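Shown next, in structure tokens, is the structure this report addresses.
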Amino acid sequence: MTDSSEKTPLINSDRVLQDAEEKEKSVDTNKEEFSFSRITRREKLLLLSMGLMNFFACTCFSLLAPFFPAEAARKGVSTTVTGFIFGVFEFIIFISSPIFGNYITRIGSKFMFSCGTFVTGTCAILFGVLDRCPDGTVYIVMCFCCRVVEALGCSAYVTALFAITASVFPDNVSTVFGALETFSGIGMMVGPAIGGALYTAGGFGLPFFAMGSIVILYGLFCLYLMPPVKDHHSKLSKPFIYLLKSPLALVTGISIVVGAFSLGFMDPTLAQHLSKLHLNTWQIGLMFLIAPGIYAFTAPLWGWITDSKGYVRTMIFIGNLLSVLAFLMLGPSSLIPFFPFNIWFMIISLILLGLMVGCALIPTFKGVLQGALEIGMPENMDTHGIVSGYFNSLFSLGAFLGPTAGGAFVDAFGFKWGSTGVAGLFLFAAFLILLYALLSSKCRTSHADTVSQTDYLQIEGENSSVEIMTNRESQITV
């Protein structure tokens, strides 16, 4: 069986990926599956409060989308600069998350979380008074300052949040991460609607005053519910850069960037693409909810499957591979001319996209954590913080590049080739995961063969010694 699998590795790719994870699966079989009813009351409150914290924070981040571009235009800000004001948020998180993750135990995870939520809420409130700034350069500079500092607060609190939940639920990281992603996804979806409603009711400042205050107050409430966290202020044993020595962390990181890129890619491009089907604004808005909605509500399912079955790399591979099909359908790609372009085919492609991007993204946090442990990083708050910063940074990088680079590519080559390019990125990510599984499986097989030969030589030597001693004893007897 070993010979046949080596001769046809691509045909048996799923088998190779499963074999590569057999060790992790055998370790996980002795652990109980996650059940909300079996965890303690304090853990239930912590999980629920962290989820609501994600919901309120993501609502706060996204509420300015429906009215800020028009307000900025009245202040003399061009559309390009407005886009940079939006994009700088993710870019700052990309830069700062590894730093916060690297120093989480020196700062203190709970202190980092509380400071992050306070800074985020305060900057949101301050953003609500920017309409009183003078037009032009002063207004632009103040907008950038508020968004940059708010991004630093978001980076700090999210990095601490993921690290704390990984520490409290070490055996169910993916399940808890999937649940948190559900709250985040809902917040991102309803944020623009809430922002628009509050703007209509009370003007520019009300959305920011209301949601900023909620983030601050609820952050303090979450801090009260947090259990004691073992994050003693000690010298860092393994720095952030050490994680980059893990091949699994590197290939999983590519999947994180590509998954986030795909979600951001649709923001500036999908509406114009769907308008070719003669849909009105309300119908296009509903189409926008399909992929994020499916992703948000199926995230806990993918997390539960990851933790209970243990096939981390297999799920990432399958999610990336089927996301290729989803984006080829969404174009539809010029490479497959028989794909139709109608509303029902677009709905199916968006449903498939939401499902498979979730399948590819949700297991990645646990995949990076496994990669860190494989290279000898200890399973403690230091490692959880570094992994959290790594994930948060790469996700933000993808979220930044998706609407910027993706939008520029669509402007140059059209949506069909743009979606085909995203499909190519997913194919590349799937290939890397498969290649890693093949090479790691081959290395383990070679190592096992070497150990078996060594054991055989030792046994053979022992038998020879026994045989020599027996012959000598028989000669003495004679």
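Values below: every heavy atom of this structure, side chains too, minus hydrogens, waters and symmetry copies. Since we're looking at a predicted model, the values are computed, not measured.
Judged by distance alone, the side chain of W302 and the main-chain N or O of L355 form a donor-acceptor pair under 3.5 Å. Side chain of T306 to backbone of S174: no donor-acceptor contact under 3.5 angstrom is found. Proximity of a side-chain donor or acceptor of T165 to a complementary backbone N or O of F162 within less than 3.5 Å is detected. Formation of a donor-acceptor pair under 3.5 Å by the S155 side chain with backbone atoms of S97 is found in this model. Checking side-chain atoms of T252 against main-chain N and O of A249 turns up no donor-acceptor pair under 3.5 Å. Listed for the T182 side chain is a donor-acceptor partner under 3.5 Å among the backbone atoms of G178. With hydrogens and angles disregarded, no donor-acceptor distance shorter than 3.5 Å links the side chain of N172 to the backbone of T175. A side-chain donor-acceptor contact under 3.5 Å links T120 to the backbone of C154. In this structure, the side chain of T117 does not engage the main chain of G219 through any donor-acceptor pair within 3.5 Å. Side chain of Y295 to main chain of E181: no donor-acceptor pair is present (N/O by atom type, distance under 3.5 Å, no hydrogens or angles).
Across all non-hydrogen atoms, the minimal contact from G212 to A124 is CA-CB, 4.0 Å. For the residue pair I104 and G385, the shortest heavy atom distance occurs at CG2-CA, 3.8 Å. In this structure, L361 and L263 approach most closely via the heavy-atom pair CD1-CD1, 4.3 Å. Taking every heavy atom of both residues into account, S109 and A160 meet most closely at O-CB, 3.5 Å.
Going from atom OG1 of T298 over to atom CD1 of I362 covers 7.5 Å, rounded to the nearest 0.5 Å. We find the CZ-OG distance between R313 and S255 to be 12.5 Å, quoted to the nearest 0.5 Å. To the nearest 0.5 angstrom, Q370 atom CD is 11.5 Å from T364 atom OG1. Separating the CG atom in L325 from the OG atom in S349 is a distance of 9.5 Å, to the nearest 0.5 Å. Rounded to the nearest 0.5 angstrom, F56 CZ and S213 OG are separated by 12.5 Å. Annotation: the span from S396 atom OG to I93 atom CD1 amounts to 4.5 Å, rounded to 0.5 Å.
Taking the six-membered ring for Trp and the full ring otherwise, the centers of Y436 and F317 sit at least 6.0 Å from each other. Centroid-to-centroid, the aromatic rings of F345 and F341 stay 6.0 Å apart or farther. Separation of the F400 and F94 ring centroids does not fall under the 6.0 Å cut-off. Ring centers of F144 and F84: at least 6.0 Å apart, outside the cut-off. Annotation: F221 is in aromatic contact with Y218 [ring centroid separation under 6.0 Å]. No close placement of the H384 and F365 rings is indicated, their centers lying 6.0 Å or farther apart.
Under the 4.0 Å criterion applied to side-chain N and carboxylate O atoms, K366 and D307 are assigned as salt-bridge partners.
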- Message: Checking F127 against M142 for the side-chain contact (heavy atoms from CB on, under 4.5 Å) test, could you report, in this order, the C-alpha distance in whole Å, the side-chain angles of both residues, the deciding distance, and whether it holds?
- Response: CA-CA 8 Å; F127 204 92; M142 294 305 298; over 6 Å; no
- Task: Could you walk me through whether S419 and M329 pass the side-chain contact (heavy atoms from CB on, under 4.5 Å) test, one step at a time?
- Result: CA-CA 9 Å; S419 62; M329 294 169 59; over 6 Å; no
- Query: Should T200 and F67 be marked as a side-chain contact (heavy atoms from CB on, under 4.5 Å) after you check the CA-CA gap, both sets of side-chain angles, and the distance that decides it?
  - Reply: CA-CA 9 Å; T200 303; F67 59 87; over 6 Å; no
- Residues D131, K75; criterion salt bridge (charged side-chain N to carboxylate O under 4.0 Å, His left out); working and verdict: CA-CA 8 Å; D131 59 328; K75 289 286 188 177; over 6 Å; no
- Message: Determine whether F409 and F265 satisfy the following criterion, ring-ring contact (aromatic ring centres under 6.0 Å, His included), listing intermediate values before the conclusion.
- Response: CA-CA 10 Å; F409 190 89; F265 166 81; 8.4 Å; no
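Looking only at side-chain heavy atoms (C-beta outward), F327 and S262 come within less than 4.5 Å of each other. Looking at heavy atoms from C-beta onward, L64 lies in side-chain contact with F86 at the 4.5 angstrom threshold.
A search for side chain to side chain contact (heavy atoms under 4.5 Å, CB included) contacts involving T383 returns L369, A372, M377, P378, N380, V387, not counting sequence neighbours.
For OH of Y139, the number of neighbouring non-hydrogen atoms (other residues, nucleotides, ligands) closer than 6.0 Å is greater than 12. By the 6.0 Å contact criterion, OH on Y242 is enclosed, its count of non-hydrogen atoms from other residues, nucleotides or ligands being greater than 12.
Aromatic ring pairs are classed by plane angle as parallel below 30°, tilted from 30° to 60° and perpendicular above 60°; the pair F204 and Y199 is perpendicular.
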